[in-house]
Novice: 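Got a structure for you, questions after.
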Amino acid sequence: MVQQDIASYIYQISGQNPFLCMQCGTCTASCTGREAMDFPPRTVMRMLQMGNLAVLDLKSIWVCSTCLICTARCPRGIDIARLMEALRVINLRRGREVLVAEKIPPELLLKVPQMALTSGFRKLSA
Ligand code: SF4
Ligand code: SF4
């Protein structure tokens, strides 16, 4: 993937155009996961506009809980949650999953609710 293609790749997957973002920061101000992220959603959008592939390595894209608040409030009508999902999909298609079944400690499996595991695998595994 060449740098300038990341935004169009995102558009192909999600239908969302990062270049519509005017960097107002409403998404960042609203984000429920902001404190656990390395960079806020506004910066994610800017990195996409700049073709910065480091965006694929951000913790933020995995922290995003798809709460949809940013999507509801974006004045440019960008579905940021869907765009975050596209970033996760790109990683998963490249085999960069963050939850690998074989690596989960057995003692943890006994403690974690099955629904949490199912949700985790849907989001974090290929
Ligand atoms: S709310 Fe929308 S326009 Fe504003 S910074 Fe976030 S993505 Fe960009
Ligand atoms: S959908 Fe993700 S990026 Fe948007 S407000 Fe919720 S946690 Fe933050």
Side-chain angles (χ1 to χ4, degrees):
M1 188 194 317
V2 292
Q3 281 191 335
Q4 59 267 36
D5 282 344
I6 181 80
S8 53
Y9 196 19
I10 289 291
Y11 183 74
Q12 282 174 23
I13 294 173
S14 68
Q16 304 306 305
N17 180 1
F19 290 105
L20 290 177
C21 172
M22 60 181 181
Q23 291 289 292
C24 69
T26 302
C27 52
T28 292
S30 310
C31 181
T32 55
R34 170 68 192 94
E35 288 185 9
M37 292 180 173
D38 39 9
F39 288 97
R42 183 194 64 78
T43 306
V44 171
M45 304 301 292
R46 188 62 181 148
M47 289 174 80
L48 287 170
Q49 291 173 338
M50 299 298 287
N52 187 344
L53 292 179
V55 71
L56 293 170
D57 299 322
L58 295 183
K59 181 181 166 192
S60 304
I61 65 178
W62 302 104
V63 167
C64 170
S65 62
T66 320
C67 72
L68 301 178
I69 292 179
C70 55
T71 295
R73 294 183 177 173
C74 174
R76 302 306 301 268
I78 303 171
D79 188 339
I80 302 146
R82 189 179 289 266
L83 188 148
M84 289 286 206
E85 171 68 11
L87 287 165
R88 291 193 291 269
V89 165
I90 292 172
N91 271 311
L92 294 175
R93 287 180 181 174
R94 297 160 109 199
R96 302 174 72 189
E97 35 186 11
V98 296
L99 184 63
V100 180
E102 294 76 19
K103 292 185 179 174
I104 301 175
E107 59 274 16
L108 191 63
L109 288 175
L110 295 173
K111 291 182 190 168
V112 177
Q114 288 192 341
M115 276 306 294
L117 278 175
T118 304
S119 301
F121 280 122
R122 285 177 65 90
K123 177 180 173 183
L124 308 171
S125 297

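Just so you know, ligand 1 is whichever comes first in the structure, and atom 1 is the first atom listed for that ligand. We count residues from 1, following the sequence as given.
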Novice: Would you say that more than 12 heavy atoms from the other residues, nucleotides or ligands in this model lie under 6.0 Å from the CZ of R82, or not?
Specialist: no

Novice: Indicate if the distance from atom 8 (Fe) of ligand 2 to the nearest N, O or S atom of C64 falls below 2.8 Å.
Specialist: no

Novice: Using the test side-chain hydrogen bond (donor to acceptor under 3.5 Å, both in side chains), find all partners of S60 that sit at least two apart in sequence or belong to another chain.
Specialist: D38

Novice: Under 3.5 Å, is there a donor-acceptor pair between the side chain of S125 and the main chain of L99?
Specialist: yes

Novice: For Q16, which of L48, I80, D79, T71 qualifies under side chain to side chain contact (heavy atoms under 4.5 Å, CB included)?
Specialist: D79

Novice: Nearest heavy-atom pair of L58 and M47: which atoms, and what distance?
Specialist: CD1-SD, 3.8 Å

Novice: Find all atoms of ligand 2 within a distance of less than 4.0 Å from any non-hydrogen atom belonging to A81, and give their numbers and elements.
Specialist: 1 (S)

Novice: For atom 8 (Fe) of ligand 2, what's the nearest protein heavy atom and its distance?
Specialist: C31 SG, 2.3 Å

Novice: What protein heavy atom is closest to atom 7 (S) of ligand 2, reported as residue, atom name and distance in Å?
Specialist: S65 N, 3.5 Å

Novice: Relative to the heavy atoms of T32, which atoms of ligand 2 are at a distance of less than 4.0 Å?
Specialist: 5 (S), 6 (Fe), 7 (S)

Novice: When you look for heavy atoms under 4.0 Å from ligand 2, do you find them on the side chain of L68, its backbone, both, or neither?
Specialist: backbone

Novice: Check step by step if side chain to side chain donor-acceptor pair (under 3.5 Å) holds for Q23 and R42.
Specialist: CA-CA 6 Å; Q23 291 289 292; R42 183 194 64 78; 2.4 Å; yes

Novice: What is the nearest protein non-hydrogen atom to atom 6 (Fe) of ligand 2, stated with its residue, atom name and distance?
Specialist: C67 SG, 2.3 Å

Novice: Counting only heavy atoms not in Y11 (residues, nucleotides, ligands), do more than 12 fall under 6.0 Å from its OH?
Specialist: no

Novice: Does a salt bridge link E85 with R88, judged by any charged N lying under 4.0 Å from a carboxylate O?
Specialist: yes

Novice: Go through ligand 2 atom by atom and flag the ones less than 4.0 Å from a non-hydrogen atom of C70.
Specialist: 1 (S), 3 (S), 4 (Fe), 5 (S)

Novice: Crowded around E107 CD? As in, over 12 foreign heavy atoms under 6.0 Å?
Specialist: yes

Novice: If you leave out waters, which protein N, O or S atoms are less than 2.8 Å from atom 8 (Fe) of ligand 1?
Specialist: C21 SG

Novice: Have T26 and R73 got a donor and an acceptor in their side chains that come within less than 3.5 Å?
Specialist: no

Novice: What part of V63, side chain from CB on, backbone N/CA/C/O, both or neither, has a heavy atom under 4.0 Å from ligand 2?
Specialist: neither

